[in-house]
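Working notes, structure below.
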2 protein chains.
Amino acid sequence: MATDQHPDPAAALEPGATLGDIGEFALISALTQRFPQGEQVLIGPGDDAAVLRVRTGHVVVSTDLMVEGRHFRRDWASAADVGHRAAAQNISDINAMGGTATSLTIGIAAPVDLEAQWLLDFAQGFADECALVGASVVGGDLTRGDQVVVAVTVLGACTVAPVVRSGAGPGDVLAVAGRQGWAAGGLAVLGRGFRSPRVLVEAYRRPEPPYAAGPAAADAGATSMIDVSDGLLSEVAHLATASGVRIDVRSADLEVPEPLHAVAAALGGVDPVGFVLSGGDDHALLATFPADADLPEGWAVIGSVAEGEGVTVDGAVRTGDTGWTHF
Amino acid sequence: MATDQHPDPAAALEPGATLGDIGEFALISALTQRFPQGEQVLIGPGDDAAVLRVRTGHVVVSTDLMVEGRHFRRDWASAADVGHRAAAQNISDINAMGGTATSLTIGIAAPVDLEAQWLLDFAQGFADECALVGASVVGGDLTRGDQVVVAVTVLGACTVAPVVRSGAGPGDVLAVAGRQGWAAGGLAVLGRGFRSPRVLVEAYRRPEPPYAAGPAAADAGATSMIDVSDGLLSEVAHLATASGVRIDVRSADLEVPEPLHAVAAALGGVDPVGFVLSGGDDHALLATFPADADLPEGWAVIGSVAEGEGVTVDGAVRTGDTGWTHF
């Protein structure tokens, strides 16, 4: 709002300037300049609300919070990385319905002594991730808080029926798309004070969700789908519970990337498959398909669906990989 | 998600139980039970995203944060009041475009030692406010944070063209709908340790935005509109700036409710009009209309639009009522 009061606010950002130095309106103006508006945006940032064109007769919507010290650490990831990740985890939720994100809003609470440049870099990372799917940041809110809290809401659309969690049936296959376990490996590395293997640390800092895989799965007749934010087995459990089926994961079919073997060895010989089974934050997709479906590119079968309930690995109940809970 | 794992989680809420005692999934389930789903909701809470029917070809969207200690104090307002207010300030943003809210999402960060009952009461207040306009809470996120932060996104629709801030023209009249200054009076009372006049304190705790006045103004040909969240004069300034006009407010036309006179006298004889000119949080609407428009019920003329720039009161620039900024 009121951008015309500050024709070039970014120019006023002295090195080290804090949010308190810059002020709310100049900051909002500088942030808004980082967010190009797509053709679906009828009214963009700066009014009481944005207005978006919807051609599909429906809108898909999801919201997620990221809290400093809990979901990210400013000493473990750059502001741009945090921006990428905040966008990615929300866009991934639309992906998991078989849809494509079109528009996002960002609410940010931040301490008054936060460097303004951190927010600008965050916004650039966020915008760059959104550009991967052609989505626009159409609105936001900025206020003071004791710690950095990022609240994102994402809107999107599907071209075929949305894929929910509850449609898996006995005889279906379970498949995965995207990297899985990489971010957990990177987090384990960072947690022990190391910065390599760099490819895992980068995977944690900046996930690369398989954005094309969601709509492709929906087109191919996926019967259920979810994204892996909290851990593979716990997400499979959500599919099994919602669908009223038993799902078995075949560990031999899980891809364990080479750097995870190195990390597992360095951690005293733990089983590297554990990172794949319990790790989150890569935003891989899990979906079930009819056994005779042609799986789209990028999808690999890792298990099967049967009558019953719960999740098994190689036919047996596995404990200790229950995923992340917030309380 | 996973609501079937907790058939009656609310029953498990012992008095004094904290978020840490209850756990994330049981809490989400208990919260979700407080949110009835309207016919526009194709897929409600519990999947990766919600899916909403959109019949109008567009969606109006806005987002707002409320931070404990900054936007509310738990000792000044009940959890239900905070819930009402969080919903009201967001629904009001759709109102200010001339639209009606249909769906909302809530993200909540909260300390692990917060009483679970606080969140349930918050949710009930939020749901009750949404029911006033027939809107549904379709999704959310719950995570741990150092302080309570509530992030709301609201979606809605207009039946005629959305009313933006930039359409005011010379010769238009400025009008207001809804209570204005009441919440500021209540806040002043609370800030000095008092609890009366009760009608003002209640106005602060639980605003009553004029939800019917926004669409009515759009139907009547309003040329610009905004809601008063930060202060009447500062919001008028946003209209003037966005529209490239000068707007004059006639103080004699402002309604000063009787309890504000009492508060102003108790504060040592300040001018009660100050509360009306600079107060926020009532979520009154300000709009401009062509001079020959028939103003809808509930709207009252309080000023006029001319060529030029800036805001005047009774023809003179007034300082010291610049509204609320967050940094």
Side-chain angles (χ1 to χ4, degrees), chain A residues 1-2 4-5 19-20 22-25 27 42-43 47-55 57-65 67 70-71 93-94 96-97 99 103 105-107 109 112 138-147 149 151 153 155-156 162 164-165 226-227 238 241 325-327, chain B residues 1-2 4-5 19-20 22-25 27 42-43 47-55 57-65 67 70-71 93-94 96-97 99 103 105-107 109 112 138-147 149 151 153 155-156 162 164-165 226-227 238 241 325-327:
Chain A
M1 58 185 108
D4 41 354
Q5 293 174 7
L19 302 197
I22 307 298
E24 178 185 6
F25 292 138
L27 259 173
L42 301 174
I43 299 174
D47 220 293
D48 290 90
V51 181
L52 311 172
R53 185 182 285 117
V54 176
R55 299 188 195 277
H58 75 275
V59 64
V60 187
V61 59
S62 182
T63 195
D64 259 327
L65 292 183
V67 177
R70 184 146 186 90
H71 301 96
D93 282 324
I94 306 300
M97 303 300 285
S103 308
T105 63
I106 312 180
V112 69
V138 300
D141 192 19
L142 177 63
T143 189
R144 197 187 295 195
D146 293 347
Q147 64 191 151
V149 176
T153 299
L155 309 183
V164 294
R165 298 178 178 183
I226 194 169
D227 84 315
H238 289 316
T241 301
T325 59
H326 292 99
F327 290 105
Chain B
M1 59 186 108
D4 42 352
Q5 293 174 6
L19 302 198
I22 308 297
E24 179 186 6
F25 292 139
L27 259 173
L42 300 174
I43 298 174
D47 219 296
D48 290 272
V51 181
L52 312 171
R53 185 182 285 117
V54 176
R55 298 188 196 279
H58 75 274
V59 63
V60 187
V61 58
S62 181
T63 196
D64 259 328
L65 292 183
V67 177
R70 185 146 186 92
H71 301 96
D93 283 323
I94 305 300
M97 304 299 285
S103 309
T105 63
I106 312 180
V112 68
V138 299
D141 192 19
L142 177 62
T143 190
R144 197 187 294 195
D146 294 346
Q147 63 190 152
V149 176
T153 299
L155 308 183
V164 295
R165 298 179 177 182
I226 194 169
D227 84 315
H238 289 314
T241 301
T325 60
H326 291 98
F327 291 105

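Note that the structure is predicted; figures quoted are calculated from it, not measured. Letters A, B, ... mirror the listed sequences (proteins, then strands); counts begin at 1.
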Open item on the list: Looking at A:D47 and B:R165, would you say the former's side chain and the latter's main chain have a donor-acceptor pair under 3.5 Å?
Closed with: yes
- [ ] Pick whichever of B:G99, B:G140, B:G139, B:S103 has the most heavy-atom pairs under 4.5 Å with chain A.
- [x] B:G140
TODO: Just give me the residue among A:V138, A:I106, A:I94, A:T105 that pairs up with chain B most often, heavy atom to heavy atom, under 4.5 Å.
DONE: A:T105
Task: Heavy-atom donor-acceptor pair, B:T63 side chain to A:G107 backbone, under 3.5 Å - done: no
Task: Side chain A:D93, main chain B:A49, donor-acceptor under 3.5 Å - done: no
Task: Residue among B:A96, B:S62, B:G156, B:G57 with most heavy-atom pairs under 4.5 Å to chain A - done: B:G57
Open item on the list: Counting heavy-atom pairs closer than 4.5 Å to chain A, which one of B:V67, B:D146, B:I43 comes out on top?
Closed with: B:D146
Task: Selection from B:V149, B:L52, B:V60, B:D227 maximising heavy-atom pairs under 4.5 Å formed with chain A - done: B:L52
TODO: Below 4.5 Å from any heavy atom of chain A, which atoms of B:V61 appear? Answer side chain, backbone, both or neither.
DONE: both
Open item on the list: Quick check for you: to the nearest 0.5 Å, what is the distance between B:L155 atom CG and A:T153 atom OG1?
Closed with: 8.0 Å
Open item on the list: If you count heavy-atom pairs within less than 4.5 Å of chain B, which of A:Q147, A:R55, A:R53 leads?
Closed with: A:Q147
Task: Expected output: side-chain B:D141 to main-chain A:L65 donor-acceptor under 3.5 Å - done: yes
TODO: Hey, could you give me the NE2/CG distance between A:H58 and B:L42, rounded to the nearest 0.5 Å?
DONE: 8.5 Å
